[in-house]
K.L.:
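Below you will find the structure I want to go over with you.
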Amino acid sequence: MNWINSLPLLVVCSSLIPGLIIFFLDEKRVVTRVALNMAGALLKALLVGIMLWGVLQGHYYEVRLELVPGLDFVLRAGPLAMLLVTLSTVLWLVTTIYAIGYLENAPHRSRFFGFFSLCVTATVGVALAGNLITFILFYELLTLATYPLVVHRGTEKARQAGRNYLIYTFAGGALLLVATVWLYTITGNLEFTARGFLADLDPTHHPALIVIFVMMIAGVGVKAALVPFHGWLPQAMVAPAPVSALLHAVAVVKAGAFGIVRIVYDVYGIEFADSLGVALPLAMVASATIIYGSLRALFQVDLKRMLAFSTVSQVSYIALGVALVEPVAAIGGLVHLVHQGIQKITLFFCAGNFAETLGIHKISEMSGVGRRMPWTMVAFSIGAFGMIGAPPLTGFISKWYLGSGALEAGHGWVVIVLVASSLLNAAYFLPVLYIAWFGKPPASWPEERMFGKRETAWALLAPPLITAFLILAFGLLATAPFSPLEWVRFIARREFAP
Amino acid sequence: MGSFHSSEGIRSVNYLMSAFILISVPGLPLLLAIPGLRRQLPWPSLLALIPAIVLLLIPGDAAVELPWMLLGDSGMALDSVSRWWLVMSVVVWAVAATTLNSGVNGKVSQMTWFLLSMGGQLGAVLAVDAVSFFAFSSLMGYAFFGFLIIQESDAVRRAGRVYLVLLILADIALFEALLVISTTASDLRFLNITAAIAQSPDASFPLWLALIAFALRAGLWPLHVWLPTACNSARPAVPLILWIGPVATGLLGMLRWLPLGETTSTSAGALLQIAGIATLLYATVFGLWRNRRGQGIPYLIIAATGTIVLVFGVGLDKPLTWLRYASLVSLLIVSAGLGLTIITVGKVWQQRKQAHPPVAAMPVSPALDYFESWTTTCLQWARRQGLITLPTLRTAMYGGWRHLWHKPSWRRRLDSGEDYIRRWSFAILIVLLLSILLTIAGLTTGN
């Protein structure tokens, strides 16, 4: 067996096998569980690093297994896949450290970490999927793996949130499956192909292709939290902070957004999608979601709910960039896949720290928290300013490319959407920062836990500081050779090359 | 050894040294802003200025390219213009640091905001491209806000919030200006931006946006409303940092962006001249009035701003005049800064001599507030003249407006809308699926 060519399968298995083992561990086997988690995360990072290097050198990794005659299970590592795989791997590593600290002494840790690992397995599978069938397999596995994480706390509110989550995501999955089957009956092909494989079809199929596009986008749009399919996301905030971080930054919403990218680029092709007339409506839906999500975030009093609606808004930047038929905008959308991930995970880590250390859940309870937890608040501030788009942070880079691309494509209205979104982001983030840094701290916090001289546990403090550092580094050094921006430029050149 | 002493080796060493010093000028204050790093250091706010002082002592210009920074094409340089600004910056920051350390508040967080402002402002002075300037000036702006409102009175905090809103609007306007100009300029270096503005009639829109942005930052009349109250702070450092930070950086931005001496822009030039004269007149009248109550400093700042903007306006209107006297402009700005510094030092010395602790200036009298708030004045005059039309509609709008902006009611409305969708999500899904199936059936039958 050629181990090098099997790297995609090994990457998937590096979290699958530890996850399956963890299910059977006793709750008291803390060291074994931590060792398995960290070993899986580090092994995955190593394998992804090797694969990344290979893809940079032009190597080609593919694993193909026949499911039924005519339908294969395909894992393929290309530049676009490696973008999401690398993001998921790096953020899974920091989230694992965070979750170990967050869930210390909590019940059902083996169950939690088992599904945690399955979740990342599914996300990586979604990224590496080489055709629509493999994509759908991992897409649905992601739903099944994340549901137990959403309902982990076992309260009535958590179960209700889980039920809604299942309804939305299964409905989306069903739509996606029906559309895929329909597409297969027309084309007999489901392979992701650079620039799509539908442009050469007979024009009589075009009306059907439009309907299929709508169904597919609606199907993946549930996980991508496109309005009006976003309702599950704010409710899912009842889950523990590591789950929220995972859902919003690493796994679920990214899988949805990535699905949109795959459908537009590797099923339809951006130029064919534009000729069908579906690109502009997608851009409009994305724009509406951006504004709606920001407006909803403005009126929230719960910190995690505010961040949830902020996610609804920010993930649509990816769809917007992809839908504008322009390389620079595509760069903005794709690089925001990474930037939004690290920004949002930073904010959720910090929200988890406030909840776990001081019992803070509402924004009004954050008065003066900057003095009690300065480093966490520094990380939160960096994440918040990143979301607003202040230079030299990552959000500025994303918005710059989106705005430039929109102007070059002749869609000046997108710049207005970006301006409005930035204003709204400032409107809901700056008051939080103001109250945290300059407000008077209360006489006592809702539920304070002491960690000696430290503001909180190391396992809770280190991950947001690492991701905040990445926000600063990827923004400040955006044009450095190994930055996400340069990788995305490489992808865009391939997609838009004449 | 031979290669070390070769001209190539010497150039490399010189370049590295210049790069190190240039980057250290904003870098050291930013580093010292971390409390743990400066805890054991004496006078960190003055130590942070050492790289800037060393840079000023180096004869000739220095430059460093930073191709990996931000959007690429970034760099820092010390040229004839930035040298004067750096001189003023070093003097003003040094004096501000001295008054800060000897003042009432020497708290950790105040020093952090101070050093962040310093790092941002010094970086903006040395930036050669618009994006780096934008990044550094934004850092300076937000850090100044933090410095301004820390442990201050409600009035100063309110002024700080107004400043913050104006800063956000300025940042957004500047971002849009950069986006638009990037479509015509070859890159975002200031030289190419001014050339693009000078050559292309399409570039007047980003020019106006940039002017609005810098006017918002610099507190040009009538956008100055926060400035007098902000200067009411008990800390003598505040007016100094206000001048060297938001105001001077806004003026520096105008200087960098405007195609002064390159082209004639009559409309922009005329507007700047009018704005400058209006600002100067306003500052003169009210400055004289308020100086009797010890509140003259903010009006000095506003007057200096007005004078400099007037000069920019003349430069745009008459490029030949600008070319003849351009070198004096930097001297004018530096003189204004040094003059303000001297006045502040005098004030602090006088307070110490009289053994009076620094106190906030006298509260603004209601009569002056009334007169100064020109919009309120106009409205109240109109009301007195009976010019308010459709009173019923106005009252209804006002009542509705207030109600509309009441956040909990908006939240309730939107939450109930989403609850409705959630309750009926299954039904909506079934209807959607049925519609799609019918569409498929219809299309298939039609085919």
Side-chain angles (χ1 to χ4, degrees), chain A residues 164 167-168 171 174-175 178-179 182 204-205 207-208 211 214-215 218 228 230-232 234-235 292 295-296 298-301 370-371 374 385 388-393 396-397 399-401 403-404 406-408 415 418-419 422-423 426-427 430 434 437-438 475-481 483 485, chain B residues 35 66-74 109 131-132 134-139 142 145-146 149-151 157 160-161 164-165 168-169 171-173 175-176 178-180 182-183 407-415 418-419 421-422 425-426 428-430 432-433 436-437 439-440 443-444 446-447:
Chain A
N164 273 325
I167 290 174
Y168 273 90
L175 268 177
V178 166
W182 189 4
T204 54
H205 292 298
V211 178
V214 171
M215 289 169 66
H230 67 287
W232 62 272
Q235 278 201 312
Y292 179 79
L295 273 174
R296 287 309 314 268
L298 190 60
F299 298 115
Q300 299 307 313
V301 295
R371 283 174 239 193
F385 275 110
I388 292 170
L393 304 173
F396 169 76
I397 304 294
K399 288 187 182 182
W400 176 267
Y401 276 89
S404 293
L407 286 176
E408 289 195 23
V415 177
L418 294 176
V419 166
S422 296
L423 276 171
L430 289 182
Y434 181 86
W437 286 114
F438 305 110
L476 201 57
L477 301 172
T479 41
S483 66
L485 181 64
Chain B
L66 301 168
W68 290 356
M69 239 183 74
L70 293 167
L71 301 175
D73 295 323
S74 291
S109 52
V131 179
S132 305
F134 184 22
F136 279 118
S137 59
S138 291
L139 170 65
Y142 290 111
F145 168 76
I149 69 168
I150 205 143
Q151 297 194 332
R157 285 167 86 103
R161 287 196 293 270
L164 185 65
V165 170
I168 292 162
L169 293 173
D171 277 357
I172 286 174
F175 178 74
E176 300 318 313
L178 282 173
L179 269 182
V180 176
S182 67
T183 58
K407 277 170 57 169
S409 71
W410 265 109
R411 193 173 64 244
R412 278 196 297 274
R413 284 195 176 91
L414 290 168
D415 275 341
E418 288 211 359
D419 281 341
I421 294 175
R422 261 198 303 278
S425 57
F426 194 65
I428 293 170
L429 168 70
I430 297 293
L432 267 174
L433 277 175
I436 289 162
L437 283 169
T439 310
I440 295 169
L443 284 167
T444 316
N447 287 341

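Please read these numbers as outputs of a predicted model, since none were measured by experiment. First the proteins, then the strands, lettered A, B, ... as listed; each starts at 1.
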K.L.:
Where on B:Ile168 is there a heavy atom nearer than 4.5 Å to chain A: the side chain, the backbone, both, or neither?
P.N.:
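The answer is the side chain of B:Ile168.
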K.L.:
Select one option (side chain, backbone, both, neither) describing which atoms of B:Leu164 are under 4.5 Å from chain A's heavy atoms.
P.N.:
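For B:Leu164, the side chain is the part near chain A, not the backbone.
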K.L.:
Which bit of B:Leu66 is near chain A, if near means a heavy-atom gap under 4.5 Å: side chain, backbone, both or neither?
P.N.:
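Neither; nothing under 4.5 Å.
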K.L.:
Under 4.5 Å, counting heavy-atom pairs only, tell me which of A:Ser422, A:Gly475, A:Pro481, A:Ser483 racks up the most with chain B.
P.N.:
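Between A:Ser422, A:Gly475, A:Pro481, A:Ser483, the count favours A:Pro481.
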K.L.:
Would you name the heavy atoms of A:His230 and A:Tyr292 that are closest together and state the gap between them?
P.N.:
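Minimum heavy-atom separation between A:His230 and A:Tyr292: NE2-CE2, 3.5 Å.
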K.L.:
Spell out, as yes or no, whether a donor-acceptor pair under 3.5 Å connects the side chain of B:Thr183 to the backbone of A:Glu408.
P.N.:
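A pair under 3.5 Å: no.
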K.L.:
Which bit of B:Leu70 comes within less than 4.5 Å of chain A, counting heavy atoms only: side chain, backbone, both or neither?
P.N.:
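Both backbone and side chain of B:Leu70 come within 4.5 Å of chain A.
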K.L.:
With sequence neighbours left out, write down each residue that passes side chain to side chain contact (heavy atoms under 4.5 Å, CB included) with A:Ala427, or none if nothing qualifies.
P.N.:
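Partners of A:Ala427 under the side chain to side chain contact (heavy atoms under 4.5 Å, CB included) test: A:Leu298.
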K.L.:
Go through the steps to decide whether A:Tyr401 and B:Leu71 satisfy the test side chain to side chain contact (heavy atoms under 4.5 Å, CB included), and finish with yes or no.
P.N.:
CA-CA 10 Å; A:Tyr401 276 89; B:Leu71 301 175; 4.0 Å; yes
K.L.:
How close do A:Ala218 and A:Leu175 get, counting heavy atoms only, and between which atoms?
P.N.:
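The pair with the smallest heavy-atom distance is CB-CD1, 3.8 Å.
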K.L.:
Might you point out which heavy atoms bring B:Glu176 and A:Val419 nearest each other, and give the distance in Å?
P.N.:
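Closest approach of B:Glu176 to A:Val419: OE2-CG2, 2.8 Å.
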K.L.:
Under a 4.5 Å heavy-atom cut-off, does chain B meet the side chain of A:Leu477, its backbone, both or neither?
P.N.:
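Contact with chain B involves both backbone and side-chain atoms of A:Leu477.
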K.L.:
Under a 4.5 Å heavy-atom cutoff, which of A:Gly370, A:Ala390, A:Pro392 has the most pairs with chain B?
P.N.:
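Looking at each option in turn, the highest pair count goes to A:Pro392.
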K.L.:
Can you list the steps and then say if B:Asp171 with B:Phe134 is a side chain to side chain contact (heavy atoms under 4.5 Å, CB included)?
P.N.:
CA-CA 8 Å; B:Asp171 277 357; B:Phe134 184 22; 3.6 Å; yes
K.L.:
Tell me, please, which residues at least two apart from A:Ser404 pass side chain to side chain contact (heavy atoms under 4.5 Å, CB included).
P.N.:
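Applying side chain to side chain contact (heavy atoms under 4.5 Å, CB included) to A:Ser404 gives A:Val328, A:Trp400, B:Leu179, B:Ser182.
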K.L.:
For B:Phe136, is it the side chain, the backbone, both, or neither that has a heavy atom closer than 4.5 Å to a heavy atom of chain A?
P.N.:
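Answer is neither: B:Phe136 stays 4.5 Å or more from chain A.
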K.L.:
Give the member of B:Ala135, B:Ser138, B:Pro35 that has the highest number of heavy-atom pairs under 4.5 Å with chain A.
P.N.:
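Highest number of pairs under 4.5 Å: B:Ala135.
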K.L.:
Contact part of A:Leu430 toward chain B, heavy-atom cut-off under 4.5 Å: side chain, backbone, both or neither?
P.N.:
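The side chain, not the backbone.
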K.L.:
Contact part of A:Ala426 toward chain B, heavy-atom cut-off under 4.5 Å: side chain, backbone, both or neither?
P.N.:
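Just the side chain, heavy atoms under 4.5 Å.
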